[in-house]
There are 2 protein chains.
Amino acid sequence: METKGTILSYRPDVRVVDATIRDGGLVNDFRFTDEFVKNLYKANIKAGVDYMEFGYKASSDIFPKADFGPWKFCDESDIRRIVGDNDSDMKIAVMADVGRTDFKRDIIDRSNSVIDLVRVATYINTIPAAIEMVEYCHEKGYETTINIMAISNDNDTDIDEALDLIGHSSVDGIYIVDSYGAIYPEQMRKLADKYLAFAEKYNKYVGIHAHNNQQLAFANTIEALSRGVSYLDVTVSGMGRGAGNCASEILLGFLKNPKYNILPILDILEKEILPLKEQGVIWGYDIPYLLTGQLNQHPRTAIAATREKRTDYRKFYVDLVDYK
Amino acid sequence: METKGTILSYRPDVRVVDATIRDGGLVNDFRFTDEFVKNLYKANIKAGVDYMEFGYKASSDIFPKADFGPWKFCDESDIRRIVGDNDSDMKIAVMADVGRTDFKRDIIDRSNSVIDLVRVATYINTIPAAIEMVEYCHEKGYETTINIMAISNDNDTDIDEALDLIGHSSVDGIYIVDSYGAIYPEQMRKLADKYLAFAEKYNKYVGIHAHNNQQLAFANTIEALSRGVSYLDVTVSGMGRGAGNCASEILLGFLKNPKYNILPILDILEKEILPLKEQGVIWGYDIPYLLTGQLNQHPRTAIAATREKRTDYRKFYVDLVDYK
């Protein structure tokens with residue numbers, strides 16, 4: 001498969017998806033102030049961002065509402081408090097986890113909703129359940145994606161089978177998700193080619209959601225882009241679980257489409273992100289995340305180590321290898 | 001040109017070059033304690049690092065000795081205080097800047113020196129002076145490289161001519177240096193192929209020295225590696241001017257040659273780097289460096305902004321664009 005586009009031109013099929021509130025919410029239990037979310041919403045519109053993901057559609061039967069901010073649940077009324085009827089060109093997305101969403105109760109007709117896109121997050125062994133959710137949301141009128149998480153732990157045969165199953169569904173897009181931040185650019189290009197081959201066959205698009213454990217989130221994103229991947233997830237300052245994501249400000253400075261503008265994001269960095277960091281909210285590249293990424297492991301041990309401010313890196317590493 | 005090696009095997013031609021004291025010295029005026037340098041020296045040997053660069057061979061006629069620590073000058077006696085006769089498999093390197101080194105006075109016969117490799121740093125418009133230094137050092141018995149800095153601002157015709165000139169010299173290796181942290185992996189692969197074509201013709205090797213302004217130092221290093229570049233510069237924790245370099249701990253966790261070992265570097269991170277950071281020595285990825293990298297500019301404005309703790313990113317960006 002050939003490279004799509006050049007370093008100086010732009011591809012009109014590219015869409016930038018801001019996932020700051022959703023992935024960043026994993027760091028602060030979704031307790032963003034309304035002001036933060038409103039300012040980010042306005043900045044994303046000015047920056048030319050194509051989609052803004054507001055959070056999860058989690059079931060309140062599973063997760064007590066008192067334990068989280070509103071963006072764990074993304075009630076229609078909460079989103080509308082920020083966006084009104086969303087009188088803008090930017091679309092609104094939410095994420096729905098397989099097995100953690102009461103979609104038949106909580107996902108209403110799109111005609112009554114301000115939400116445009118439902119992204120279904122799944123592991124590879126729950127693809128049929130993901131497809132059931134996709135068909136339901138598609139029937140309700142939504143755009144949909146399936147985001148296969150933790151793909152670095154799956155084998156090629158299973159991925160092929162999953163992509164073929166998904167290809168036969170009504171889904172619009174399929175996401176490569178490097179949950180562990182373990183994938184190298186060389187591998188990402190091959191993975192992108194594989195996803196794109198299925199996507200072209202079944203007329204879907206492909207997206208990428210990268211993590212920064214090995215400082216490869218941006219590199220993997222633009223390498224996937226160069227193969228033909230078109231939906232690109234970012235978060236401001238890379239805010240997200242553990243080592244975080246591909247940063248909006250890095251990607252927007254790279255993309256050549258003149259609709260994108262880095263300046264409103266620079267304002268958010270100064271006025272919203274710096275205060276958050278000063279309050280002690282922690283994310284981003286650090287040694288424990290590097291090590292779980294290198295070892296292709298879930299970041300949970302690194303998140304715990306960071307929380308405990310552990311700096312005994314050698315012992316942490318030896319424990320990881322032992323555990324593996 | 002084809003990819004060299006696979007993601008699981010290793011290439012015996014790869015050499016890891018630790019430049020912590022040299023590039024990191026630009027952050028603290030080369031004022032490392034002897035204990036720091038000794039511990040790093042020992043850790044690098046245990047980690048399987050192939051070369052350790054101790055600093056610059058700067059002329060004391062140009063730079064007053066009182067204004068810097070010893071590693072700006074790398075006197076033979078200073079290096080020997082750390083390494084004795086360097087009874088190890090790791091080689092010792094120094095850097096000599098064109099126009100800032102009194103090489104005929106300060107570079108002695110290799111038979112009397114503990115230094116193995118002299119790396120000559122040059123801009124593209126002083127290649128003949130660099131070659132003069134290389135021939136002198138080669139005559140004295142040293143391994144040599146020419147490191148063409150700030151290559152992202154040069155055009156292909158000039159680079160071709162420079163590589164051809166260098167090809168005819170006695171130099172052993174030619175370095176790609178992304179001084180501004182401006183080069184994307186897609187460009188780095190093309191640059192690597194260009195350098196490698198000349199290197200193969202003239203029987204030289206190619207090295208890479210990357211900067212992390214856009215969080216691409218590691219990605220660019222392994223992408224260049226995959227094309228055939230074999231000398232890979234790293235620094236512990238990426239310590240280096242501005243956004244810093246490709247981090248030792250990231251690269252060593254990637255390389256598959258069993259001679260490399262990340263554990264001694266993890267010890268240095270805990271015992272030497274954390275205290276340095278606590279003392280207020282600042283380096284590494286930050287927004288001002290990102291912006292100079294995106295705009296392919298020298299990081300000097302970003303270094304000043306970081307020193308002044310500026311967070312008015314929008315104004316900083318607008319000034320950069322105006323200045324350009």
Side-chain angles (χ1 to χ4, degrees), chain A residues 3 5-7 183-190 212-223 225-226 237-238 246-247 249-254 262-271 273-275 284-288 290-291 293-295 309-318 321, chain B residues 3 5-7 183-190 212-223 225-226 237-238 246-247 249-254 262-271 273-275 284-288 290-291 293-295 309-318 321:
Chain A
T3 298
T6 74
I7 198 105
I183 297 174
Y184 296 103
E186 187 171 338
Q187 300 169 311
M188 184 55 79
R189 290 191 291 272
K190 286 182 191 156
N212 208 31
N213 298 61
Q214 303 193 77
Q215 296 192 357
L216 290 172
F218 173 56
N220 279 333
T221 298
I222 60 177
E223 287 301 302
L225 167 67
S226 79
S237 184
C246 176
E249 60 274 18
I250 308 186
L251 186 69
L252 291 177
F254 170 80
I262 195 177
L263 291 174
I265 302 302
L266 295 181
D267 293 335
I268 291 290
L269 286 172
E270 178 183 0
K271 288 168 189 154
I273 295 293
L274 287 180
Y285 173 82
D286 202 354
I287 302 300
L290 167 67
L291 299 177
Q294 281 179 348
L295 295 169
K309 298 193 200 306
R310 277 181 68 171
T311 58
D312 53 338
Y313 303 129
R314 175 190 279 262
K315 182 165 189 319
F316 178 77
Y317 182 87
V318 171
V321 176
Chain B
T3 298
T6 74
I7 198 105
I183 297 174
Y184 296 103
E186 188 171 338
Q187 300 169 312
M188 183 55 80
R189 289 191 291 273
K190 286 182 191 157
N212 207 31
N213 298 61
Q214 303 193 77
Q215 297 193 355
L216 290 172
F218 173 54
N220 279 333
T221 299
I222 61 176
E223 287 303 301
L225 167 67
S226 79
S237 184
C246 176
E249 60 274 18
I250 308 186
L251 186 70
L252 291 177
F254 170 80
I262 195 177
L263 291 174
I265 302 302
L266 296 181
D267 292 336
I268 291 291
L269 286 171
E270 177 183 2
K271 288 168 188 153
I273 294 294
L274 288 180
Y285 173 82
D286 201 355
I287 301 300
L290 168 68
L291 299 177
Q294 281 178 349
L295 295 170
K309 299 192 198 305
R310 277 183 67 172
T311 58
D312 53 338
Y313 303 130
R314 175 190 278 262
K315 181 164 190 321
F316 178 76
Y317 183 87
V318 170
V321 176

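So that the names make sense, note that chain A is the first sequence line, chain B the second, and so on, each numbered from 1. What you see is a predicted model; the values in this text were computed from it and never measured.
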Turns out that what part of A/Leu269 lies under 4.5 Å from chain B's heavy atoms comes down to both
With a 4.5 angstrom heavy-atom cut-off, is it the side chain or the backbone of B/Leu263 that approaches chain A, or both, or neither?
both
Separation between CG of B/Asp267 and NZ of A/Lys315, rounded to the nearest 0.5 Å
13.5 Å
Among B/Ile262, B/Ile265, B/Ile268, B/Leu274, find the residue that satisfies the side-chain contact (heavy atoms from CB on, under 4.5 Å) test when tested with A/Tyr313.
B/Leu274
Under 4.5 Å, counting heavy-atom pairs only, tell me which of A/Asp312, A/Leu291, A/Ile222 racks up the most with chain B.
A/Asp312
So for B/Leu216, is it side chain, backbone, both, or neither that comes closer than 4.5 Å to the heavy atoms of chain A?
side chain
If I compare all heavy atoms of A/Glu186 with all of B/Ser226, which pair ends up nearest, and what's the gap?
OE1-CB, 4.2 Å
Answer yes or no: is there a side-chain heavy-atom contact under 4.5 Å between B/Tyr285 and A/Ile250?
yes
Side chain, backbone, both or neither: which part of B/Ile7 has a non-hydrogen atom closer than 4.5 Å to chain A?
both
Is B/Phe254 in contact with chain A via its backbone, its side chain, both, or neither, using a 4.5 Å heavy-atom distance?
both
Looking only at heavy atoms and a cut-off of under 4.5 Å, which of A/Gly293, A/Ala247, A/Ala217, A/Gly253 has the most pairs with chain B?
A/Gly253
Hey, mind stepping through B/Leu290 and A/Phe218 against side-chain contact (heavy atoms from CB on, under 4.5 Å) and telling me if it holds?
CA-CA 12 Å; B/Leu290 168 68; A/Phe218 173 56; over 6 Å; no
Would you mind checking which part of B/Thr311 comes under 4.5 Å of any heavy atom in chain A, side chain (CB onward), backbone (N, CA, C, O), both or neither?
both
Side chain / backbone / both / neither for B/Arg310 at chain A, heavy atoms under 4.5 Å
neither
Which answer fits B/Asn220, side chain, backbone, both or neither, if we ask what part of it has an atom under 4.5 Å from a heavy atom of chain A?
neither
So, for B/Glu223 and A/Pro185, which heavy atoms are closest and what is the spacing to 0.1 Å?
OE2-CB, 3.3 Å
